[in-house]
Amino acid sequence: MPLLRMSARALFDQCSNGTLFERLAQKYRSVLFQSPSSSERRSWENSLPPLAEVLCDAGLDGVEVLIEHRLPLTSLRADVVLAGSHPATGKPSYVIVELKQWSEARLVPDTDDLCLVARMGNHPALHPVTQVRRYCDYLQDFTNVLSDQEDAVAGVAYLHYAVDQNVSELLRLPDARAQLFTDTSRGELISYLQTRLSALDGSPEADHLLNSPHTPGRQLMRAAAAEIIDGGEFLLMDEQEVAARLVRRAADLSRQSDRKEVIVISGGPGSGKSVIALHLMGHLGRNGRSVVHATGSKSFTTTLRHVVGARNGGISKLFRYFFDFTQAERNGLDVLICDEAHRIRKRSSTQSTYAGQRSARSQVEELIDAARVPVFLIDEHQVVRPGEMGSVETIDEAAHARGCIVRHVDLNSQFRCGGSRAYEYWVLRLLGLEPGGPIKWQPEEDFELLVADSPQEMESYLRGQQECGYTSRMTAGFCWKWSDPRSDGSLVDDVIIGEWRRPWNLRGVRPAGGAPVSSLWATDPSGFGQIGCIYTAQGFEYAWNGMIFGRDLVWRGNEWRADPGESKDDVVTKADPQAFGRLIRNTYKVLLTRGMVGTVLYSDDSETQAMLASLVPAEIKQGP
């Protein structure tokens, strides 16, 4: 959905009288719970008037303009989508417009679609033609009414401040679906738009687009085997593509360069870190590069091995753990992808490690040393255990100490593959991980947040979603004991709230009582009905998430209180009180952000439950 929708004539009038920009700011605040940055507002003020003038000069006053249009199932927004009818066929026709304030830009050496922009320093940006073409592909792939209309969507990148000679290197990228125009070629832009859009009223075509059902993207685990073995491609967007191209470039240069590059990719849940990892595994492997994927998560690694190894057992050996690289040959791999790098520990060695095998290096140093191009994918808000020390700062310090070049990519600013960026921000405010305190939830069209009156109501609602084909799971804070299965294999109902009782997921490596092994709880359909905890939920996402606050984190008066006495997690309770409070809030942040379509909340504490209910206006309606 766009932030604002209007005709091209209305866009021109509201740009002229200055009312447009405050309207956009107000809508931005209502949707994203924060004010637009000064740079965001400046981009509207600088870029939308030139586009409005082009549309009116082209005689396209009736074309419908969708401003800051969110692409389906993401938090990524296209600057503008123009909706109308095709002048030759009369069929619906759409043009995605990416507006850039660049005046000078050149290509990153040895690439054809990464740019260095004068005002952006040394941070590479995706070529605007590549960017807008991917928006076109994505919109068509995830919008049902466009899926069988091959020529319905085209893209334009308009560098309205630039002249051709100052961006000449960017003009060399040919593309049949997207084109780049500058101030020099403004007349060509007008002519091009006239070949794609008629002068008729475009509101019916805008309705057609906005009312279309959206087809969800492929599930990460189901696509893993195709991505790595068969060469299937995930469609990477914006900074995801920048990250992947930086890694591929570094791998190409690694054998000639005297200094190796370390790539640090930061992103919250759903930002596509693991999609990037799997894409790189497939691409680099198919191009003869030695590449290994490593994590600190048994569940995530086991699941990837299970999915991929079902078809090719040898492939599963490419998925390793962080502690596997203590004795690794220095620069023995071309690329080492360290997924969930927030789970890096200080040392790989333990007290039980033989003295002769203990490493004097830290774990992050071992990982950097193991490959010509170490890649770290990290979310610093997911540090949930004592001893985990993965952070951007830690990686930077270790890399710089080894004379490495470090490049950063931040996925947090725009993209979320499903779920809701506004909800993620709401969670950060709720838990005090962002300043300002909890805020009332503003309902969204593509993400639903509910508070259940009881765990029975939560489970009933989620079961209905599960029966309709949406993956659904229930998780809880680790505030109940966790028993082994009985001798007959049945599970013990450890999570008890009133008359409601359910078992935790299995801890063992063998299925029991109809439940999957713990590492497959999030992905196996039989995982519904058991309660997951941080150890099995972290690293995974599912459509619907039910989350139960335990009494290790309760709301009292006007603040959260963390109580280690209520926790059954012997690992976390060993932390000092201040660290425990931080770790437990990070734990609930992870548990709260597993859902891509919606989340249902419940607290076992009455005061916390009342606070949650006061922030979330929607009530559960039984049935999906």
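Note that these values count all heavy atoms, side chains included, but never hydrogens, waters or copies made by symmetry.
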- [ ] May I ask you to test the Tyr135-Asp238 pair for a side-chain heavy-atom distance under 4.5 Å?
- [x] yes

TODO: State, without any angle test, whether Ser37 and Glu40 hold a side-chain donor-acceptor pair at a distance under 3.5 Å.
DONE: no

TODO: Run through Val262, Ile263, Ile265 and flag the one making a side-chain contact (heavy atoms from CB on, under 4.5 Å) with Phe376.
DONE: Val262

Open item on the list: As an exercise, state the distance from CG of Asp110 to CG of Leu253, rounded to the nearest 0.5 Å.
Closed with: 5.0 Å

Task: Arg289/Asp252 salt bridge by N-O under 4.0 Å criterion - done: yes

Task: Spacing of Arg259 atom CZ and Arg402 atom CZ [to the nearest 0.5 Å] - done: 14.5 Å

Task: Validation row: Glu541, Thr471 side chains within 4.5 angstrom (heavy atoms) - done: no

TODO: Pick out which of Phe549, Phe478, Trp560 makes a ring-ring contact (aromatic ring centres under 6.0 Å, His included) with Tyr588.
DONE: Phe549

Task: Stepwise side chain to side chain contact (heavy atoms under 4.5 Å, CB included) check, Leu280 with Val335 - done: CA-CA 9 Å; Leu280 289 170; Val335 178; 5.9 Å; no

Open item on the list: I'd like to check Gln34 versus Glu434 (side-chain heavy atoms, cut-off strictly below 4.5 Å). Are they in contact?
Closed with: no

Task: Point-to-point distance, once rounded to the nearest 0.5 Å, from CZ of Arg361 to OG1 of Thr326 - done: 7.5 Å

Task: Evaluation steps, side chain to side chain contact (heavy atoms under 4.5 Å, CB included), between Val31 and Leu3 - done: CA-CA 8 Å; Val31 170; Leu3 286 186; 4.1 Å; yes

- [ ] Return yes if a side-chain donor-acceptor contact under 3.5 Å exists between Arg248 and His279, otherwise no.
- [x] yes

Open item on the list: Could you report the tightest heavy-atom contact between Glu261 and Pro374, atom names first, then the distance?
Closed with: O-CD, 3.3 Å

- [ ] Spell out, as yes or no, whether a donor-acceptor pair under 3.5 Å connects the side chain of Trp521 to the backbone of Ile531.
- [x] no

Open item on the list: Hydrogens and angles aside, do Asp569 and Tyr535 bring a side-chain donor and acceptor to less than 3.5 Å of each other?
Closed with: yes

Task: Minimum heavy-atom distance His400-Val406, with the two atoms named - done: CE1-CG2, 3.7 Å

Open item on the list: Do Ile534 and Val572 make a side-chain contact, defined as non-hydrogen atoms from C-beta onward lying under 4.5 Å apart?
Closed with: no

Open item on the list: Looking at Ser567 and Pro564, would you say the former's side chain and the latter's main chain have a donor-acceptor pair under 3.5 Å?
Closed with: no

Task: Heavy-atom check, side chain of Ile548 versus side chain of Tyr602, under 4.5 Å - done: yes

- [ ] Show the numbers, then the answer: is there a side chain to side chain contact (heavy atoms under 4.5 Å, CB included) between Glu239 and Val242?
- [x] CA-CA 5 Å; Glu239 296 304 305; Val242 170; 4.1 Å; yes

Open item on the list: If you apply the rule side chain to side chain contact (heavy atoms under 4.5 Å, CB included), what do you find for Leu411 with Ile276, and how did you get there?
Closed with: CA-CA 11 Å; Leu411 304 176; Ile276 294 169; 3.8 Å; yes

- [ ] Keeping the roles fixed (side chain from Asp334, backbone from Ser290), state whether a donor-acceptor pair exists under 3.5 Å.
- [x] yes

Open item on the list: Using 0.5 Å steps for rounding, measure from the OH atom of Tyr423 to the OG1 atom of Thr599.
Closed with: 4.0 Å

TODO: Identify the residue among Lys589, Lys273, Gln538 that makes a side-chain hydrogen bond (donor to acceptor under 3.5 Å, both in side chains) with Asp379.
DONE: Lys589

TODO: Return yes if some donor-acceptor pair links the side-chain N/O of Thr475 with the main-chain N/O of Gly532 below 3.5 Å, else return no.
DONE: no

- [ ] Apply the side-chain contact (heavy atoms from CB on, under 4.5 Å) test between Val364 and each candidate in Asp396, Asp369, Ile395; give the one that qualifies.
- [x] Ile395

- [ ] May I ask you to decide if Tyr470's main-chain N or O and Ser472's side chain share a donor-acceptor pair within less than 3.5 Å?
- [x] yes

- [ ] Flag the pair Pro516 / Gln530 as yes when at least one side-chain heavy-atom distance between them is below 4.5 Å, and no otherwise.
- [x] yes

- [ ] Examine distances only and state if a side-chain atom of Arg429 and a backbone atom of Gly436 form a donor-acceptor pair shorter than 3.5 Å.
- [x] yes

TODO: Identify whether the distance between the nearest side-chain nitrogen and carboxylate oxygen of Asp113 and Arg134 falls below 4.0 Å.
DONE: no

Task: Value rounded to 0.5 Å, distance of CG in Leu591 from CG in Asn545 - done: 7.5 Å

Open item on the list: Under a 3.5 Å distance rule, please check whether Lys260 uses its side chain to pair with a backbone N or O of Ala371 as donor and acceptor.
Closed with: yes

Task: Glu366 versus Ser348, closest heavy-atom pair with distance - done: OE1-OG, 2.7 Å

TODO: Report yes or no: does Arg582 contribute a side-chain atom to a donor-acceptor pair with the main-chain N or O of Gln578 at less than 3.5 Å?
DONE: no

Open item on the list: On a heavy-atom basis, which atom in Leu430 and which in Pro438 lie closest, and how many Å separate them?
Closed with: O-CG, 3.8 Å

Task: Donor-acceptor under 3.5 Å (Arg286 side chain, Gly282 main chain) - done: yes

TODO: Could you tell me whether the side chain of His293 reaches within less than 4.5 Å of the side chain of Asp339, counting heavy atoms only?
DONE: yes

TODO: Provide the closest heavy-atom pair for Trp426 versus Val616 in the form atom of the first, atom of the second, distance.
DONE: CZ2-CG2, 4.0 Å

Open item on the list: Name the residue from Tyr542, Phe447, Trp544 that meets the side-chain contact (heavy atoms from CB on, under 4.5 Å) definition with Val597.
Closed with: Trp544

Open item on the list: For the CD atom of Gln363 and the OH atom of Tyr321, what is their distance to the nearest 0.5 Å?
Closed with: 13.5 Å

- [ ] Answer yes or no: is there a side-chain heavy-atom contact under 4.5 Å between Arg473 and Phe528?
- [x] yes

- [ ] Work out which heavy atom in Leu583 is nearest to a heavy atom in Ala575; give both atom names and the distance.
- [x] CD1-CB, 4.1 Å

Open item on the list: Using the rule given for side chain to side chain donor-acceptor pair (under 3.5 Å), can you reason through Asp410 versus Ser266, listing the C-alpha separation, both sets of side-chain angles and the distance that settles it, and then say yes or no?
Closed with: CA-CA 5 Å; Asp410 186 0; Ser266 302; 5.5 Å; no

- [ ] For the pair Arg407 (side chain) and Val264 (backbone), establish whether a donor and an acceptor sit closer than 3.5 Å, ignoring hydrogens and angles.
- [x] no

